[in-house]
Amino acid sequence: ENTEGEYSGIEHEVVDGVVQSIKLITRKASLRVAEFAFMYARANGRKNVTAAHKANIMRRADGLFLTCCDEVAAQYPDIKYNKVYLDTVCLQLVQDPTQYDVLVMPNLYGDIVSDLCAGLVGGLGLTPSGNIGADNVAIFEAVHGTAPDIAGQDKANPTALLLSGVMLLRHLNLTPYANNIERAIFRTIKEGKVCDQNKMCFVLRQYTCCHGAA
């Protein structure tokens, strides 16, 4: 939801020293992201979709978001659906992330929670991302961006970028190729022979190609 929530960029100064930021939530965008969450769950064999929210505080904004999620959930009776306060989601993700499957939430919440989840699996260097737009137009990239502070030093962990490529291949229905690359990545990480400066195991290009062909 890159154009929604607090990230809509609608801010103004009410009076000197007082700034107001507008949280924008629309029915159209909320329905679209909810529909994608349930479609993704069904297509990938997921059994549970959780809507994270703060409707107890932002009754109208997050309330509209939840209403849209409720409507879409009714169309997917085969998928379990629940609603959980955002702070509870963060707590439970740290305690036991296995109780969650697919999470759907407004933009700011998702930005924060996705980094929390990245920390649980080893950091941003291992985390892929995708932006899925209207008409299935999409862009895939490593969550950490370009990492200019370590450019040219041969220190970057390429796993996030490789896994973003895996997401791209699946988006293009090239699943067998995606699976081959993903298996090679996971096997290489499991072996633990190649690590970055933070001792996080990662994948060298030639090593992955070797494993992928095995």
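Heavy atoms only: backbone and side chains are in, while hydrogens, waters and symmetry mates are out.
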Between [X] and [Y], which heavy-atom pair has the shortest distance, and what is it?
X	Y	answer
A160	T127	CB-O, 3.3 Å
V49	I79	CG2-CG2, 3.8 Å
L103	V113	CD1-CG1, 4.2 Å
I25	L64	O-CD2, 3.7 Å
F65	A52	CE2-O, 4.4 Å
L120	V94	CD2-CA, 4.5 Å

Partner set under side-chain hydrogen bond (donor to acceptor under 3.5 Å, both in side chains) for [X], not counting sequence neighbours:
X	answer
D87	K54
R170	N179, E182
N56	none
Q99	none

Inset, instruction - Could I get the full list of salt bridge (charged side-chain N to carboxylate O under 4.0 Å, His left out) partners for D115, not counting sequence neighbours? - result: none
Inset, instruction - Mind checking salt bridge (charged side-chain N to carboxylate O under 4.0 Å, His left out) for D111 and listing every partner two or more places apart, or none if nothing turns up? - result: none
Legend entry - With sequence neighbours excluded, residues passing ring-ring contact (aromatic ring centres under 6.0 Å, His included) with Y85: H53
Legend entry - Whichever hydrophobic residues join V14 through chains of side-chain contacts under 4.5 Å: V15, V18
Inset, instruction - Please write out which residues are connected to L124 in a hydrophobic cluster, directly or through intermediates, given that two of Ile, Leu, Val, Met, Phe, Trp, Tyr count as joined at side-chain heavy-atom separations below 4.5 angstrom. - result: V143
Inset, instruction - Flag the pair Y109 / P106 as yes when at least one side-chain heavy-atom distance between them is below 4.5 Å, and no otherwise. - result: yes
Inset, instruction - Would you mind reporting whether D70 and K83 have side-chain heavy atoms less than 4.5 Å apart? - result: yes
Which donor-acceptor pairs under 3.5 Å do the side chains of residues 133-142 make with protein atoms, sequence neighbours left out?
none

Legend entry - Within residues 88-104 or reaching into it, pairs that qualify as salt bridge (charged side-chain N to carboxylate O under 4.0 Å, His left out) - sequence neighbours excluded: R46-D101
Legend entry - Polar side-chain atom of T88 near backbone of V84 as donor-acceptor pair, under 3.5 Å: no
For residues 34-44, please give each side-chain donor-acceptor pair under 3.5 Å, one per line with the distance, not counting sequence neighbours.
from: E35; atom 1: OE2; to: Y76; atom 2: OH; distance (Å): 2.4
from: R42; atom 1: NE; to: D78; atom 2: OD2; distance (Å): 3.3
from: R42; atom 1: NH2; to: D78; atom 2: OD1; distance (Å): 2.7
from: N44; atom 1: ND2; to: Y40; atom 2: O; distance (Å): 2.9

Inset, instruction - Taking only Lys NZ, Arg NE, NH1 and NH2, and the carboxylate oxygens of Asp or Glu, determine whether K28 and E4 approach each other closer than 4.0 Å. - result: no
